[in-house]
Protein chains: 2
Amino acid sequence: MSSSEAGQAAVQPKKLRPARTNATKQKLFEASMELIGERGAAGVTVDEIAAAAGVSKGTVYYNFGSKSDLIAQLLRHGVDILEARLLSVQDESADALAGMDAMIGQAMDFMAEYPSFARLWVSENWRTPSEWQDTFAELRARLLGVIGSAIERVAAEYPVDASISRGSLETAIFGACFVVGLDRQTYNPERTRDQSVAAIMAIMRGYVQKQPDPQG
Amino acid sequence: MSSSEAGQAAVQPKKLRPARTNATKQKLFEASMELIGERGAAGVTVDEIAAAAGVSKGTVYYNFGSKSDLIAQLLRHGVDILEARLLSVQDESADALAGMDAMIGQAMDFMAEYPSFARLWVSENWRTPSEWQDTFAELRARLLGVIGSAIERVAAEYPVDASISRGSLETAIFGACFVVGLDRQTYNPERTRDQSVAAIMAIMRGYVQKQPDPQG
DNA sequence: CTATTTGAACTGACCGGTCAGTTTAGTTAG
DNA sequence: CTAACTAAACTGACCGGTCAGTTCAAATAG
């Protein structure tokens with residue numbers, strides 16, 4: 001299964017022709033993201049995905065090596081988008097905490113826009129022998145890297161509680177973003193984006209040392 | 001997984017017979033928790049569950065109405081255990097923040113002991129039209145209630161940031177517990193329990209007001 | 001002209017749920 | 001003490017149905 005050509009970072013046309021193909025892939029991404037987010041990877045059939053994308057089953061196997069391959073590429077696709085958004089605000093803010101705030105805001109927006117991707121992620125991420133184990137490990141590292149450097153920046157500009165493990169902190173923020181975003185979607189649609197960001201930012205304000213801060 | 005269910009109000013034999021049945025149910029809980037946590041509810045067959053429990057398929061349907069029913073009862077079973085543990089330390093600590101710390105510690109212990117339950121939870125919790133929608137809503141409310149009252153206690157004993165929505169805070173802590181616990185299991189087994197608790201507790205320290213503390 | 005898509009057919013495996021029959025353990029009668 | 005009885009507990013083969021994956025000749029469009 002899976003020719004798994006790997007190279008993902010680039011989204012530009014690899015050949016000269018794939019005008020139709022790219023559009024079809026995009027439709028298949030959207031359709032499968034939706035369906036798999038709702039019912040889980042194992043709960044969705046390839047026929048359903050094809051139908052939802054308005055495409056035949058054969059086309060799915062023309063564009064992807066297998067159902068498994070489709071899902072792996074889907075995960076990469078989503079992370080590409082999320083990572084790009086996080087990076088887009090990373091350095092725009094003068095203040096490190098404000099930057100963190102903006103980044104969490106971007107994460108919340110992403111969760112609101114692609115809730116199905118978030119569901120897919122939390123559904124499959126921690127499965128122990130999983131077909132996408134390596135894919136998840138790599139993608140997770142990428143996202144955690146972005147968060148990690150933002151935390152690093154905070155640690156550089158503020159006095160922080162050194163007794164708190166950087167890695168655990170990254171994970172806690174990362175996880176809180178997903179869960180708070182999903183919970184808002186599923187159980188508490190009335191909660192605002194800013195409320196959610198504020199709740200998650202509490203963890204950062206707890207991380208920076210409480211010292212007589214001359215902030216106005 | 002110690003039998004030690006102890007979970008419920010009434011565990012005594014309702015009739016005179018069900019000695020075997022209760023033991024069988026317990027075995028089925030353990031087996032299905034493991035398998036479903038690893039491969040997802042839809043990815044596990046009833047035959048597999050029966051085999052793993054050392055029981056025939058028919059026995060599964062003798063003890064449970066359906067695969068779906070088995071999973072619903074499994075979710076209840078796990079939440080009963082978790083809730084009991086959280087409540088067990090709720091009022092033991094004199095200080096509200098120390099109580100919160102103990103509660104998060106209990107949560108981390110639970111995640112370490114029943115990682116498969118945690119995986120099952122995050123896998124199925126946010127599915128939108130799900131067979132266990134109502135079950136999840138109820139169980140989620142129970143757990144959030146425990147956390148909420150612990151937060152309330154903190155708010156009573158400490159000055160807190162009133163601009164932070166109580167509900168979002170509950171969710172953030174709840175989610176962080178699951179994600180940090182699972183991540184430790186899957187990707188960072190070297191992280192200690194206390195590191196994880198400390199990272200999550202940062203959110204509480206960010207919640208209590210940094211007020212012009214007349215110190216130093 | 002050729003990359004892409006179609007749609008249908010086919011297969012080999014699997015799955016949830018059922019049910020008629022068997023075993024186990026508690027109870028009663030002799 | 002034990003043989004007969006009974007209902008709960010359990011078994012596993014079986015059924016109707018579904019699914020992922022493959023293939024391919026024909027149609028379509030850049």
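Letters go in sequence order (proteins before strands), and every chain restarts at 1.
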Once you round it to whole Å, what is the distance between P of D:dC10 and NZ of B:K25? 11 Å

Is the closest basic N to carboxylate O distance between B:E30 and B:K27 below 4.0 Å? no

Nearest-neighbour nucleotide for the B:N63 side chain, C:dT5, C:dG16, D:dC10 considered: D:dC10

For B:Y61 and D:dA13, give me the distance from atom OH to atom P, rounded to whole Å. 17 Å

Can you list, in residue-number order, the parts of residues 52-59 of chain B that come under 4.0 Å of DNA chain D, counting heavy atoms only? B:V55, B:S56, B:G58, B:T59

Any residue in residues 41-50 of chain B with a heavy atom nearer than 4.0 angstrom to DNA chain D? Just list them by number, or reply none. none

Nucleotide D:dT11, atom C1' - distance to NZ of B:K27 in whole Å: 13 Å

B:N22 CG - D:dC10 P separation (whole Å): 10 Å

Under 4.0 Å between a side-chain N or O of B:Y62 and OP1 or OP2 of D:dC10? no

Short side-chain donor-acceptor distance under 3.5 Å, A:N125 and B:Y187: yes

NZ of A:K67 versus C1' of D:dC19: gap in Å, rounded? 8 Å

Does the pair B:F64 and B:F29 meet the rule for a ring-ring contact (aromatic ring centres under 6.0 Å, His included), with working shown? CA-CA 11 Å; B:F64 300 95; B:F29 277 152; 5.8 Å; yes

Below 4.0 angstrom from OP1 or OP2 of C:dT5, is there any side-chain N or O of A:T24? yes

Test A:T171 against B:R191 for side chain to side chain donor-acceptor pair (under 3.5 Å), laying out the working first. CA-CA 11 Å; A:T171 302; B:R191 293 224 256 266; 2.8 Å; yes

Heavy-atom closest pair, residues A:D80 and A:R142: OD1-NH2, 2.7 Å

Please give, in whole Å, the distance from C:dT4 P to A:L28 CG? 14 Å

Rounded to the nearest angstrom, tell me the gap between atom CD in A:E131 and atom C1' in D:dA20. 12 Å

For residues B:R85 and B:E113, determine if any side-chain heavy atom of one lies less than 4.5 Å from a side-chain heavy atom of the other. yes

Holding to side-chain hydrogen bond (donor to acceptor under 3.5 Å, both in side chains), I want the full list of residues that pass it with A:R39, two or more places apart in sequence or in another chain. A:E48

With under 30° as parallel and over 60° as perpendicular, where do the rings of A:W121 and A:F178 fit, or are they tilted in between? parallel

Protein-nucleotide distance (B:F64, atom CZ; D:dA9, atom P), rounded to Å: 13 Å

Residues B:S123 and A:W126: side-chain donor-acceptor under 3.5 angstrom: no

